[in-house]
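Counting convention: from 1, in listed order, for ligands and their atoms alike. The figures that follow rest on heavy atoms only: side chains count, while hydrogens, waters and symmetry mates do not.
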Amino acid sequence: IKKRAVSCPAFPGHSIFRHGSTLVVAEHEGGVIKPPSLSALAAATCLPDPDSSVSVLLAGSGPSLQQAASHAASCHPSISKVLVADSDKFKNPLAEPWAKLVHLVQQSGGYSHIFAAANSFGKNVMPRAAALLDVSPITDVTGISDSNTFVRPIYAGNALCTVRYTGANPCILTIRSTSFPVHQKSVDSNEASISQVDLSTFDADLGKSTYISQTSQDEERPDLGNARIVVTGGRALKSAENFKLIEELAKKLGAAVGATRAAVDAGYVPNDLQVGQTGKIVAPELYMAFGVSGAIQHLAGMRDSKVIVAVNNDADAPIFQVADYGLVGDLFEVIPELLEKLPEK
Ligand code: FAD
């Protein structure tokens, strides 16, 4: 078979050769593939295959699953197949059945690579799937050099590590969405086949886990992981009540709200708003940090933002070392002034 050299859009200049097939484990909501999964798809297309191409795995139940399958089938020319696991067993977003599903699909598909986004979903499911498949996953990938060589940050983003995968198939990867932007040209029309996963041998035992409930964020607010603007508050806000200043400013700017771990631990906001090494990784066009010291673990989650604005009353705060614009001042004076001067959105 003649191998084909393909230039990866995320890494112009690299030519990649490969034999194998790729599975992308995707999330969907409201009948469409979620943006982090589209980024995982973009990453997967950096490893195109001369024979077969990329398959997408979706699970859930009801009409929105079928709509998401149609969306997946048409969202990238490299997608050849959409595999749909339609069952109540996937109604709730639990990692255990999902990991078993990936295991089941791998047994019949024999994929060389399995991709997912390095978000809460991927971080929850993929290590479990890797354990079931007895392989070691490569997490938080930010670059692809060839089919077995990947780049990932270490030491809270202070160094980049190049990893060569020498294990058995499949090579399981979670990717950082911020490193694999979805270009408009990757949503051209395409018609991949849609087929149902045979679940007759599927074991849905949840083990020690039990589903309790799910809460989702204010739908009017942009998703923190994909927002163009993020307004973040730190411990200096002092209370959940004061944190509303950050929320008000975010609303006026059409921005997502972020928080430091100190603000989360103090109970000002829920932990899904945490930005950083142990929170979300963001790279918006504009990141505004109010009362954030700039600890290394926080910087690990936002240092790739295009423009960083910091307001802190300590001129020596480390956040100023990464800020494009810094203002030494009291946030309790600066934010009300901004709210007054900014036009209504
Ligand atoms: P502080 O460090 O207390 O800083 C508050 C800042 O506000 C100060 O710089 C102060 O000068 C300024 N300030 C005070 N009052 C005002 C005012 N009125 N106006 C303006 N400025 C004011 N942290 C994260 O954020 N995300 C993570 O994912 C994360 N993961 C971690 C993982 C590990 C393993 C560890 C050990 C720590 C982690 N941390 C993380 C915690 C991190 O080390 C810091 O403790 C945390 O980021 C500090 O949050 P902060 O900047 O809000 O608070």
For ligand 1, give me the residues whose heavy-atom distance to it is below 4.0 Å, by chain and number please. Gly234, Arg235, Ala236, Thr260, Arg261, Ala262, Gln274, Val275, Gly276, Gln277, Thr278, Gly279, Gly291, Val292, Ser293, Ala295, Gln297, His298, Asn312, Asn313, Asp314, Gly329, Asp330, Leu331, Phe332
Centroid-to-centroid, Phe290 to Phe243, below 6.0 Å? no
Minimum side-chain heavy-atom gap Ile114-Gln106 below 4.5 Å: yes
Exactly one candidate in Leu173, Leu47, Val151 meets side-chain contact (heavy atoms from CB on, under 4.5 Å) with Ile144; the answer is Leu47
Test side-chain contact (heavy atoms from CB on, under 4.5 Å) applied to Ala118 - qualifying residues, sequence neighbours left out: Lys123, Asp140, Thr174
Give a yes or no on whether a salt bridge exists between Glu248 and Lys244, defined as a side-chain N under 4.0 angstrom from a carboxylate O. no
Side chains of Asp86 and Gln66: any donor to acceptor distance under 3.5 Å? yes
